[in-house]
Structure formats: C-alpha cells, structure tokens
*Asks:* 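Attaching a single structure in structure tokens format; questions to follow.
All values below were derived from every heavy atom in this structure, side-chain atoms included, with hydrogens, water molecules and symmetry-related copies excluded. Letters A, B, ... mirror the listed sequences (proteins, then strands); counts begin at 1.
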Amino acid sequence: MSLLRLTGRAARALVVKLGLVVALLALWQVLTVEAQNIFFPTPADIAVRMRELWFSGPAAHLFVTGGFTTDVVPSVARALAGWALGGLVGIAVGLVAGRWARAQGYVDPPVNFIRSLPKPAIVPLFLIVLGANDRMRIALIAFGCIWPVLLNTLQATRAVEPTLRDTGTAFGISLPRQFAMISLPAAAPRIAAGLRVSLGLALILMVLSEWSLTQHGLGNFLLTSQRSYQVLDMWAAVAMLGLLGYLLNLAFLALEKRLLAWHVGFTGTPLP
Amino acid sequence: MTARLHLDEGTTSVSAALAVHNITHRYGPGGPAVVNGVTFEVARGELVSLVGPSGCGKTTLMKTISGLMQPTSGTVTAFGRPISGVPRELAIVFQDYSRSLFPWLRVRANVSFGLSGLGLERSERRTRVAESLAAVGLTGHEHKYPWELSGGMQQRVAIARALAYRPRILLMDEPFASVDAQTRAELEDLTLAVHREFGMTILFVTHDIDESVYLSHRVVVLKRSPGEVHAERVVDLPETRDQITTKADPRFVAQRAEVAGLIRDAALGSTRFSLHPTE
C-alpha cells in the first residue's frame, strides 16, 4: 500500500515537473511565433535545425551526422578530458595536503587566491605558453576544474574522523594505502560535490577555449554561426550545449547515487 | 585460562605480555602532565581492567600503550620488545564503533579490513572473517552495512575485526560505554568467551566499576590530574563468571565496594594507597 502511494506520489511529481517544462516550451513557441523576430527563432525550428545538423545521420552511425563528429564529439572529449585531469589533480593534492593540519596555513591562501581568479584571465597566458591547440584547451579546462575539487577534497580530508585513521594505523595499513582505503572513501561525498561543480565549469571553459583558433567544436560552431549571422545555427548550438550540460550532470548524479548510496544510509541526509 | 597461575610478584617485563613503564605524557613542551609516571604490567593471558574517574587520562594512556601516540617519556614493551608504533601483536577495539567502523564497507569488508596489511591468501582471509563473525554471533550479517545494525551489533563487528587480526594482545577502550545495559551485559560475556576461546591478553579500559570487577583478573585504578596509578587489586573470583550469580557473590560485592572506594579516593585526589596492600 505505502509503496503504491509512494510511486503514485513520484509519478505525480514527475507529471508536475514535465508539465512545467512543456508549458514553458509552449509559451516560448507562442511568443516567438507572435514576435516574428529573426533573432528569436521558434523552439520548434531550433529543434528541427538541431536534428538536421547533428541527428539526421544514417542508422549505421547511430543516427548522428558528420557535423556531430566535428562539432560535438571534440567538444565533449575536451571537456571530459580536462575535467578528469583537473579532478585527479584536485583529489590527489587535496588528499595529501588535507592530511596534515600543519599544511593548512601554507595551502589555503594560494588555493583561495587562484580559486577566486576569473579563469578566462588565464587564457592569454595559456595561449602563449601552450599554443592554440588541444593541449592548451584541455589544460585550461583542467586548470578551472582543479579548484572546486581541491577545495572540497581538502576540507573533507581534514574532517575525516580521526578514529578511522587510528583504526588504519592500528591494523598496520601503510600511509599510502590509508589514502586509498580511508581518506578517499571518507571524503568521497564532498569530492563528488566538487566534481559536480567542476563539470559545469568544464563546459564553460570548453566553449571559451574553442573561441580561439580551432576548426572543430561547439564553441567554434557557435562563434562561426554568430559571425555569419546564422542565427538559427547559433541557437541550435546554445540548445545543444544546454542539453549536453543537462545530460552530463544527469549521468554524474546517477553514478554518484550508485557509488555513494552508503552515505545516504549512514548519515540519513542527502548527498552534499 | 591459566593466566592466574603465572601471576606473581616475580613477573618481569620480559615475560609480561604488556609492560608499561613510567609513562608520562604532556601535550606541548612544558605543558601539564596528563599522564604521570604510570607503571603496570599485564601478564600473558591475563585480563586486566584499567578503571578511573573521567579526566584521568585513560584515552591518552590507551593511545600511548597501543603505540598510536608517542609518550613524552617512559616505555611500553610488548612481549619484551619496546614498541614504537602499533605492534603487529596488538589489536584495538575503540570506544565509539560508529567512528571506527567504515560506513562505506559492509560487515564482511569491515572485518576483513584489518587483514589487508597482512598479505594473506584470499581463502585464508575468508576463513578468518567467517570464524570471527561466528565467534561474535554475527554469521548471516556479512552483507549489511554497519549502520544498518544496532549499536551492540556494531561493536560486535569491531570485536570480530580485531579477532580476525589474531592479536596476542587486545586493547579495549571503553568499548561498551555507549550501549544499553542489557547489551552491555551480553558484550561483557562475549568478551569473556572470546578471552577463553582465543586465550589472548586483554587490557580493558572502563569507567564502570561493576564491569571492571566482573571481567578481570586484576583491576588497576587510576587517579586524575595528573593520571597516575592509584592502586591495583587482584580480583578474587572464580574463573567462570556469570552475570547473575557472580554479581550476587559476596566476594564480588565486597570487591566492587573496595574498587568504588578507591575510585572515590582517586577522584578526591586523597593520599595514595600503597600497591597491593592486601598482600
């Protein structure tokens, strides 16, 4: 009975949520049809254009077009590579620096300084040092992604229950293994929160990094469309970026929910 | 349990399982001593309780004895060897199971955690985990998370984890302080059963007087500010203890009262008693 009521409630919540999305889309459609402004195409036109550009390929290519391969794939690959790299560095540095209370005075000021730096400000430097290539783009994305992960890892590692570490020491677990067996899983919920923030940053920096000197990617496509007054293409790129961000976040949340289910059970609270 | 037979004044640091010699600990140089010149020994196979009023440095003492913390001065030897760091022979059951069990690991993985540093074969690990869980009566709960279990069961997991490690010395730091009275009695009897079955040396820290007398061969009473050994008493009770008959035994009642008196004196910080005044 209670299960039925629960599923009933979940279904109603879903209907309400979807209903709102549908209503907003309908409103958008009505407004743009009424306005007849060339800078504001209708969502239906945008959807059709997205299909033409990226999703009208042959079945053998999973329905994606050549455009998808040149515009979307490199962008997603860059964003994910930079995110993964930045995440790994942030986790590794955070775990080690967070382990020693005495390091706090040395670690926190520079971390807070660089974290507050607007990341686009670093683009010229990266361009000069690394050149206008994928290495620079991935480095830029990684650079942006490090900080939320590092900060969260640092704070979470500092907050790891000392008795857990004592337990590791008491059972003769070496320090390097304690990082993997104790600090990392104990800090994982906060690390995941940092990674989620960084995932959004990765997309922003991906677009930014593709505004300079590249032939591929959604950022480049967006800028090219704007420069050639292809307004519909521009909107299609924006919608595609929104869709990508949404789907990546959804995938991440699903993974997080699976891996960190213990945290919800242990604390009785949702993930941070 | 033949430990009592080995218990005599001739016990030396070499034959003792655990010898704590003149341990002093200060937090920060020049700071007040939290633990001051504590000396006592635990013979092989003996079960000794360390009991004292709150603030007598029990936790600090426990950490230095286990090797988790270096004392400011003094030595701890396990089976004649001075320790630096936690010796292989020693396992600890911490006070707060909710802080010492890994919430992301299921019961089986928690118990097997202690074995990961030993380089054992997988089959050996499985056997030990199964045996230890059986010894604490948790067979069938392998796939649960600790936080799905009651407090008493969680502390059983912590005990199983220590048992799987096959220690020769088991340090129990106020292990039953946060469970209800009924569960506490069950866990006390489990401790006695484990001691009988595995024959290891147990040092049991508690602030519960009944518990200290009920469990031990000997009670070491600490006094506070700074933590020092106030007195030691050999518990004169039959080896086999029972929650009802032992606690009704006039000898238990008398010794419980004596230890209670010692602790009250210790808390008041009155004159020191000489060691073994009964001898």
*Asks:* Run through B/R161, B/R122, B/R125, B/R106 and flag the one making a side-chain hydrogen bond (donor to acceptor under 3.5 Å, both in side chains) with B/S112.
*Replies:*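 For B/S112, the side-chain hydrogen bond (donor to acceptor under 3.5 Å, both in side chains) check succeeds only for B/R125.
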*Asks:* Which answer fits A/A186, side chain, backbone, both or neither, if we ask what part of it has an atom under 4.5 Å from a heavy atom of chain B?
*Replies:*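 Looking at A/A186, backbone and side chain both touch chain B.
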*Asks:* Do we see a donor-acceptor contact under 3.5 Å between the side chains of A/T163 and A/E161?
*Replies:*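 Yes, because at least one side-chain N or O of A/T163 sits under 3.5 Å from a partner of the opposite role on A/E161.
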*Asks:* Between B/S216 and B/V48, is there a donor-acceptor pair closer than 3.5 Å when you use the side chain of the first and the backbone of the second?
*Replies:*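 Answer holds: no.
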*Asks:* At a 4.5 Å cut-off on heavy atoms, which part of A/I182 comes close to chain B: side chain, backbone, both, or neither?
*Replies:*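 Its backbone and side chain both get close to chain B.
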*Asks:* Mind telling me whether B/H25 and B/Y27 have parallel, tilted or perpendicular rings, with 30° and 60° as the class edges?
*Replies:*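 Judged by the thresholds at 30° and 60°, the geometry between B/Y27 and B/H25 is perpendicular.
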*Asks:* I'd like to verify something: which residue of B/P167, B/S116, B/A91 has the highest number of heavy-atom pairs under 4.5 Å with chain A?
*Replies:*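 Winner by heavy-atom pair count: B/S116.
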*Asks:* Against chain A, label B/S100 side chain, backbone, both or neither, depending on which of its atoms sit under 4.5 Å from a heavy atom there.
*Replies:*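 For B/S100, the contact with chain A is made by backbone and side chain together.
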*Asks:* Does any heavy atom of chain A fall under 4.5 Å from the side chain of B/L105, the backbone, both, or neither of them?
*Replies:*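 Looking at B/L105, nothing touches chain A.
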*Asks:* Which atoms of B/L90 are under 4.5 Å from chain A, going by heavy atoms: the side chain, the backbone, both sets, or neither?
*Replies:*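 It is the backbone, since no side chain atom gets that close.
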*Asks:* How are the rings of A/F171 and B/F113 set relative to one another: parallel (under 30°), tilted (30 to 60°) or perpendicular (over 60°)?
*Replies:*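 Judged by the thresholds at 30° and 60°, the geometry between A/F171 and B/F113 is perpendicular.
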*Asks:* Kindly state each residue pair satisfying side-chain hydrogen bond (donor to acceptor under 3.5 Å, both in side chains) with at least one member in residues 71-81 of chain A, sequence neighbours excluded.
*Replies:*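 Listed by first then second residue: A/W54-A/D71, A/S75-A/E210, A/R78-A/D134, A/R78-A/E210.
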*Asks:* So which part of A/R177 gets closer than 4.5 Å to some heavy atom of chain B, the side chain, the backbone, both or neither?
*Replies:*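 Side chain only.
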*Asks:* So what's closer than 4.5 Å to chain B heavy atoms on A/I173: side chain, backbone, both or neither?
*Replies:*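 For A/I173, the contact with chain B is made by the side chain alone.
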